[in-house]
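Note sheet for the following structure.
Proteins get letters first, then strands, A, B, ... in listed order; numbering begins at 1 in each.
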Amino acid sequence: MDDKTVDEIFTRALSTPTLFTNKTVLRPDYVPSRLPFRQAQVTALGEALAPVLRGFIPSNLLLYGKTGTGKTAVTRRVLTPLGQRTTHTTVPVSVAYSNTRMAGTEYRVLAELATALSLRVPFTGLAVTELFHRILLRIAEVKSHVIVVLDEIDFLVKNYGDETLYDFTRAGEKLSDGHISLIGISNDLKFKELLDPRVLSGLNEEEIMFPPYTADQLKTILTERAQSAFLDGTVTDAAISLCAALAASEHGDARRAVDLLRVCGEVAQREGARHVDESHVRAAMQRIEQDRMVDALKSLPLHQKLVLVAAVFSHSNSSTGELYDDYMALCRRAGSEPLTQRRVSALLTELDLLGLLSVRVVSQGRYGRTKKVNPLVSADFVTEILAPDPSVGGLLVHWPTK
DNA sequence: CGTCCACAGGAATGACGGGCGG
DNA sequence: CCGCCCGTCATTCCTGTGGACG
């Protein structure tokens with residue numbers, strides 16, 4: 001690519017009319033300087049952690065609320081300035097954050113925490129307990145007060161139990177130098193029931209609730225964001241109201257609301273529209289949903305794709321047994337060894353969780369108990385997305401539509 | 001009212017590729 | 001290089017079960 005082409009690209013980018021003035025404020029990780037309707041939580045968290053600046057030990061905390069209710073934003077908002085002040089404190093304070101669901105496994109959670117403490121650890125290869133031990137050694141070595149933030153902590157407990165959590169709450173006693181404070185962030189309100197009482201009492205010294213945003217509150221939030229993100233007056237009030245209403249109907253999730261606002265702006269811009277209105281919001285809803293499906297579909301392992309293909313081409317309400325037969329036929333054509341029915345049953349459940357299939361368990365009395373499966377995506381859609389896939393694309397060319 | 005279908009879904013176990021420390 | 005541990009995906013074996021049929 002020569003300089004002229006690059007120049008043209010930039011010129012075009014500059015000359016294309018834009019609706020946006022500052023798109024970064026619509027990014028999911030953007031934390032605004034003011035968090036509307038969360039002042040109480042900011043204050044509570046700030047006051048709970050303030051003692052650490054004077055060398056005292058703050059309580060462990062649990063933050064509760066559904067997704068998109070501002071838990072992570074409030075935590076960032078409070079911890080970032082805290083981290084900046086700690087150079088003047090008597091005891092060094094550091095913050096180690098991990099989103100346990102993003103991390104995926106217990107090991108990777110600990111690895112992230114270690115990295116946050118400038119401790120280099122291998123990607124894999126160590127025992128979890130060994131990794132934990134190294135983190136404690138590190139903390140003792142730097143004599144630091146570490147605030148460990150475990151985001152989506154319910155994920156960790158559901159999949160790996162509360163042992164690590166227990167170790168964390170106990171760690172303070174083992175350490176002669178340094179200390180650990182825990183901040184647990186949970187999306188699940190029933191999370192406490194999963195915990196061993198000993199762990200709960202250690203972790204839940206103080207708790208902060210995050211109620212869902214109402215439609216009105218979301219509207220205020222979106223209006224504020226729209227003012228800094230878009231050119232004045234480009235987003236209609238009706239569009240913002242609709243974004244707010246749609247997000248409010250799905251648990252008052254601000255992240256989704258802002259996401260929706262960003263995408264509908266993009267839709268409008270691509271259309272060359274001068275204003276963002278309700279039609280763009282509806283189009284954005286569909287686009288977000290479709291993108292999610294495409295991503296989910298593409299990243300499926302081979303056999304899960306085959307199971308999905310069997311399901312979307314089969315008649316409605318097909319049972320596990322029927323689908324298993326279809327699936328085995330597909331495997332034969334693909335020249336691939338079929339998995340067991342047990343495994344296929346589990347794959348069906350996973351596809352349900354991904355929103356690609358609807359699976360419900362029904363009992364037909366004398367005729368047994370099975371899953372009834374209905375596709376949530378069309379056969380054409382699946383064909384289109386998977387056609388370029390070398391492993392299954394060929395199977396879709398002349399698949400008989402029954 | 002018991003039987004029995006056609007599976008559900010938990011638990012244990014293992015194969016595999018990757019990566020460590022010694 | 002070995003022995004160990006990891007996560008992931010799978011198998012095998014198993015017990016459990018809602019409700020139509022007889």
Side-chain angles (χ1 to χ4, degrees), chain A residues 98-115 117-138 141 150 152-165 167-168 193-194 295-311 314-332 334-354 356-375 389 391-392:
Chain A
S98 176
N99 182 310
T100 66
R101 194 174 52 80
M102 296 294 193
T105 68
E106 202 170 24
Y107 186 91
R108 290 208 282 262
V109 168
L110 291 179
E112 272 188 11
L113 298 179
T115 307
L117 299 172
S118 319
L119 174 63
R120 281 182 55 87
V121 292
F123 290 109
T124 174
L126 297 181
V128 171
T129 47
E130 166 64 17
L131 186 47
F132 188 81
H133 200 70
R134 287 194 192 186
I135 291 175
L136 292 192
L137 282 178
R138 172 73 183 182
E141 182 192 328
L150 295 175
E152 306 203 42
I153 194 172
D154 44 320
F155 173 89
L156 186 71
V157 173
K158 276 173 195 158
N159 292 283
Y160 297 93
D162 54 8
E163 238 173 84
T164 303
L165 228 46
D167 291 342
F168 265 122
E193 294 168 16
L194 300 172
D295 285 350
L297 223 154
K298 278 185 181 163
S299 58
L300 253 28
L302 170 64
H303 284 274
Q304 201 149 14
K305 283 177 185 158
L306 294 175
V307 171
L308 180 69
V309 168
S314 183
H315 60 84
S316 58
N317 267 325
S318 31
S319 67
T320 305
E322 288 165 341
L323 285 182
Y324 188 63
D325 291 342
D326 291 357
Y327 157 79
M328 282 201 294
L330 277 173
C331 283
R332 264 197 299 281
S336 174
E337 204 55 35
L339 304 177
T340 57
Q341 183 168 313
R342 173 74 188 86
R343 184 62 190 138
V344 169
S345 171
L347 293 181
L348 284 170
T349 307
E350 282 175 35
L351 288 169
D352 177 293
L353 254 39
L354 288 169
L356 295 168
L357 296 179
S358 136
V359 173
R360 70 207 157 87
V361 179
V362 296
S363 182
Q364 299 162 300
R366 199 34 278 270
Y367 305 104
R369 205 161 166 263
T370 184
K371 287 188 168 94
K372 287 293 182 191
V373 179
N374 284 295
D389 189 320
S391 50
V392 295

Check your understanding: Out of B/dG9, C/dG18, C/dA10, which nucleotide sits closest to the side chain of A/Arg343?
Key -> C/dA10
Check your understanding: Rounded to the nearest Å, what distance is computed from the CG atom of residue A/Leu110 to the P atom of nucleotide C/dG7?
Key -> 10 Å
Point to revise | A/Leu339 CG to C/dT12 P, straight-line distance once rounded to whole Å | key: 11 Å
Review point. Between A/Arg369 (CZ) and B/dG9 (P), how many Å, whole number?
Key: 7 Å
Check your understanding: Residues in side chain to side chain donor-acceptor pair (under 3.5 Å) with A/Thr100, at least two apart?
Key -> none
Review point. For the side chain of A/Ser314 and the backbone of A/Ala311, is there at least one donor-acceptor N/O pair under 3.5 Å apart?
Key: no
Exercise for review: Using a cut-off of strictly less than 4.0 Å, decide whether A/Ser345 has a side-chain nitrogen or oxygen near OP1 or OP2 of B/dG9.
Suggested key: no
Review point. For A/Ser319, does its backbone N or O pair with a side-chain atom of A/Glu322 as donor and acceptor, under 3.5 Å?
Key: yes
Practice item. Nearest whole angstrom, please: distance from the C1' of B/dG9 to the CG of A/Leu348. Key: 13 Å
Check your understanding: How close or far is atom C1' of C/dA10 from atom CG of A/Leu306, stated in whole angstroms?
Key -> 15 Å
Taking only nitrogen or oxygen atoms into account, show me every contact under 3.5 Å that the protein makes with nucleotides 20-22 of chain C, one pair per line with its distance.
residue : atom : partner  : partner atom : Å
C/dA20  : O4'  : A/Arg366 : N            : 3.3

Check your understanding: Taking only residues two or more places apart in sequence or in another chain, which ones pass side chain to side chain donor-acceptor pair (under 3.5 Å) with A/Asn99?
Key -> A/Glu152
Point to revise | For atom CD of A/Glu337 and atom C1' of B/dA15, their distance in whole Å | key: 15 Å
Check your understanding: Can you pull the side chain to side chain donor-acceptor pair (under 3.5 Å) pairs that have at least one residue in residues 337-348 of chain A, sequence neighbours excluded?
Key -> A/Ser345-A/Lys371
Check your understanding: Between B/dA6 atom P and A/Arg360 atom CZ, what is the distance in whole Å?
Key -> 19 Å
Review point. Would you say A/Thr320 reaches B/dA6's phosphate, i.e. side-chain N/O to OP1/OP2 under 4.0 Å?
Key: no
Check your understanding: Closest to the A/Thr340 side chain: C/dA10, C/dT11, B/dC7?
Key -> C/dT11
Review point. Residues in side-chain contact (heavy atoms from CB on, under 4.5 Å) with A/Leu302, at least two apart?
Key: A/Leu306, A/Ser336, A/Ser391, A/Val392
Residues 359-370 of chain A, side-chain donor-acceptor partners within the protein, below 3.5 Å, at least two apart:
residue  : atom : partner  : partner atom : Å
A/Arg360 : NH2  : A/Asn317 : OD1          : 3.4
A/Thr370 : OG1  : A/Thr320 : N            : 3.3
A/Thr370 : OG1  : A/Thr320 : OG1          : 3.4

Study note, to complete from the structure: Closest to the 5' end of DNA chain B, once A/Arg342 and A/Gly321 are matched to their nearest nucleotides, is A/Gly321
Point to revise | Phosphate contact (B/dA8 OP1 or OP2) by A/Lys371 side-chain N/O below 4.0 Å | key: yes
Point to revise | Separation of atom OH in A/Tyr324 from atom P in C/dT11, rounded to whole Å | key: 8 Å
